[in-house]
Amino acid sequence: MADKIMLLDGHSLMNRAFYGVPDLTNARGQHTNAILGFLNMMIHYMEEENPTHLLVAFDRKEATFRHEMYKDYKGTRKGMPQELHEQVPVMKEVLAAMEVPVVTQAGLEADDILGTIGFDAQARDYDVVIVSGDRDLLQLATDRIKIKLPRTRGGVTVTEDYLASDVQGHYGVTPKEFIEMKGLMGDPSDNIPGVPGIGEKTAAKLIMTYHTIENAYAHIEEVKPKRARENLEAYYDQAIFSRELATIKTDAQLEYHFQDAKVGQLFNAESYRLFKELELRSLYGYFEESEKDEDNISLQIIQNKEGLDALFNKITKQNVVGLGIIGDEESWKGLSFSWKEDKISNVLVTINEEINEDYIREGVLSVLKEGVHLYVLDYKALLYQVPEARNYEELIEDAGIMAYLLSPLQSSYEYDDLARDYLGRTYPSAKEIFGKKKPADIFDAEDEKMQQYAALLSYVPFTVVPILSQRVEEDGMKNLYEEIERPVVPTLYDM
């Protein structure tokens, strides 16, 4: 069975996706609809065609050889919307993470890249599939090069597949003759002039009869209708020039390697990280669980003194521990701890008949007395439950205050905000887990979602504080942060 390479027209498909998918943004305000739509199309066509190789071609902003031939080439096109423009480099980053090569070349359009690689692949005995919304690419169709054209009909996307025989069946001309048609009828979208008064139907009829512009001109007295005959005679040179503009290169000088395009593990840990950052939730299901390890935060639950004593004995030997407070000043359910030995461990300690609040407080203080640094999400929450912790402020780092200093205009600094902004991860918020109710009112240590919530309260500050601390120092806010960390801290969140 022959190898098959799928070649995607990057800007064409992103443009189609941008206008076909409702505006979407992630929590950072990044527009993502074109990225999501592009990926949906890519995945759909890959499942449909099952290629062994995959490559994407993009246009570049520099002028092409066609602009040098004709300064008004594409002169009537409007500029790309900013919301789409900003998604293009991100799309390339996503493709790089998926190990899909992107090919661009100064002076060439994506069409020329697709034509050159497509014909080269055919010569190497590949089957070729080119996906684009641009009908111009029909001139590239052969018995082994299929052009897939996504179209919208009645609000529904359909895809037309064209091999050489399909082009002739639909238009009555061969793919090469399709270029002759373009020379006659021009292309308003690219500002290719063609011959005035000759549209698609007349162009098709002339080329079906005479096969080339030159032959039609040689039989000019036979050309009908009269207007087409007169205009072809008057604009013959323009027709030849328009054909040259419309002809896609199939022999351009390009730097690419087919082995780089071999389809590998598209849905890997790095692409998952980017999908999470962009919040492309509808695509998470394509990833194996092994690629989602960062989200699989396991949690051990301790509900007796023996286990708690062993826990405190272990964490007093650590240098840094993440600490989460479950509950509020009125109702305290317990604590969660995160630390790293061979891997990150997360433990939930719940208040119950055997473990009371005072016993837990004493344990936290014992950890501080041993010089262990505590990373917390909210220093104020810790002080409500362990007021004596104020005596060890130099050992306590507050992720919420650091994030506030770095971005004071945000509306909240919860664990999900910090994970999104500084770890590139998306976790369910407390509101998503508990709704309008307070966590302390309905917390159930046996519930998996609530276990995840408890783990995140310590896991996120443990992992994010080193990043925040570096940013605070780089931004020259270290002194301010150290001042805020004094006893005035409990009033900060009341400002």
Side-chain angles (χ1 to χ4, degrees), residues 9 12 65-66 69-70 72-76 109 111-112 114-116 118-119 122-123 128-151 153 158-251:
D9 187 345
S12 173
F65 72 93
R66 292 183 179 86
M69 293 170 58
Y70 182 48
D72 292 327
Y73 178 66
K74 292 189 175 181
T76 56
E109 295 182 63
D111 291 1
D112 303 305
L114 297 171
T116 296
F119 271 69
Q122 177 180 243
V128 181
V129 178
I130 299 177
V131 185
S132 173
D134 187 351
R135 193 174 58 160
D136 290 353
L137 275 80
L138 291 179
Q139 64 185 267
L140 301 176
T142 70
D143 292 341
R144 297 195 66 177
I145 297 179
K146 180 195 296 183
I147 311 300
K148 297 182 81 71
L149 292 178
R151 290 282 182 263
R153 290 179 183 166
V158 296
T159 303
E160 300 171 355
D161 289 350
Y162 290 90
L163 293 168
S165 58
D166 301 305
V167 175
Q168 186 148 17
H170 187 85
Y171 293 97
V173 298
T174 67
K176 286 187 177 181
E177 291 174 341
F178 186 77
I179 309 173
E180 305 290 330
M181 280 181 57
K182 294 284 289 188
L184 290 174
M185 68 186 188
D187 187 344
S189 67
D190 288 339
N191 203 31
I192 296 176
V195 176
I198 295 183
E200 182 176 315
K201 289 183 179 180
T202 301
K205 184 177 179 180
L206 288 173
I207 298 305
M208 287 170 65
T209 303
Y210 300 107
H211 306 293
T212 67
I213 297 172
E214 288 89 345
N215 196 39
Y217 185 74
H219 296 79
I220 194 68
E221 297 302 324
E222 302 171 11
V223 171
K224 295 179 181 180
K226 179 181 178 181
R227 185 185 179 193
R229 179 173 66 252
E230 293 174 345
N231 285 353
L232 175 58
E233 187 170 19
Y235 292 94
Y236 172 71
D237 290 341
Q238 184 166 290
I240 298 297
F241 178 67
S242 296
R243 181 183 65 189
E244 188 175 357
L245 280 177
T247 301
I248 295 172
K249 279 186 173 292
T250 58
D251 59 353

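Note that the structure is a prediction, hence the values are computed from the model and not measured.
Between the side chains of H211 and E180, no donor-acceptor pair of N or O atoms lies under 3.5 Å.
Taken to the nearest 0.5 Å, the CD1 atom of I192 stands 5.0 Å off from the OH atom of Y73. Here the straight-line distance linking atom CG of L245 with atom CG of D187 works out to 10.5 Å at 0.5 Å rounding. Note that NZ of K176 and CD of Q139 are 11.0 Å apart. Values are rounded to the nearest 0.5 Å. Note: R66 CZ to D111 CG = 7.0 Å, rounded to the nearest 0.5 Å. Going from atom CG of L163 over to atom CG of L138 covers 11.0 Å, rounded to the nearest 0.5 Å. In this structure, S12 OG and D134 CG are separated by 6.0 Å, a value rounded to the nearest 0.5 Å.
By the 4.5 Å heavy-atom criterion applied to side chains, R243 and K182 are not counted as neighbours. Side-chain contact check for N191 versus K74: every heavy-atom pair is 4.5 Å or farther apart. With contacts defined as side-chain heavy-atom distances shorter than 4.5 Å, the pair D161/T159 qualifies. Contact annotation: the side chain of L206 approaches that of I198 to within less than 4.5 Å [non-hydrogen atoms, C-beta and beyond]. Counting heavy atoms from C-beta outward, D112 and F65 have side chains that approach closer than 4.5 Å. Side-chain contact check for I207 versus F178: every heavy-atom pair is 4.5 Å or farther apart. Residues R229 and K226 have side chains in contact (heavy-atom distance under 4.5 Å, counting atoms from C-beta outward). In this structure, the side chains of D9 and L114 come closer than 4.5 Å at one or more pairs of heavy atoms.
Within a 6.0 Å sphere centred on OH of Y171, other residues, nucleotides and ligands contribute more than 12 heavy atoms. Within 6.0 Å of the CG atom in D143, the count of heavy atoms belonging to other residues, nucleotides or ligands does not exceed 12.
Heavy-atom minimum distance, L184 versus A203: CB-CB, 4.0 Å. Smallest separation of non-hydrogen atoms from A228 and T202: CB-CG2, 4.1 Å. Residue Q238 comes nearest to G194 through the heavy atom pair NE2-O, 2.7 Å, listed as atom of the first residue, atom of the second, then distance. Residues G133 and R151 come closest through the heavy atom pair O-NH1, 3.4 Å. Pairing each heavy atom of P175 with each of A141, the nearest pair is CG-O, 3.3 Å. Closest non-hydrogen pair, T209 versus K205, comes out as OG1-O, 2.8 Å.
Of the candidates V167, I130, V128, I179, I130 is the only one forming a side-chain contact (heavy atoms from CB on, under 4.5 Å) with L140.
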Report task. Might you work through the side-chain contact (heavy atoms from CB on, under 4.5 Å) test for Y162 and L137, ending with a clear yes or no? Result -> CA-CA 10 Å; Y162 290 90; L137 275 80; over 6 Å; no
Query raised in the report: How far apart are the C-alpha atoms of F119 and D251, what are their side-chain angles, what is the distance that settles it, and do they pass the side-chain contact (heavy atoms from CB on, under 4.5 Å) test?
Result: CA-CA 8 Å; F119 271 69; D251 59 353; over 6 Å; no
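Taking Y70 as the reference, F241 meet the ring-ring contact (aromatic ring centres under 6.0 Å, His included) condition, with sequence neighbours excluded.
In terms of modelled atom types and a separation under 3.5 Å, the side chain of N231 and the main chain of V195 share no donor-acceptor contact.
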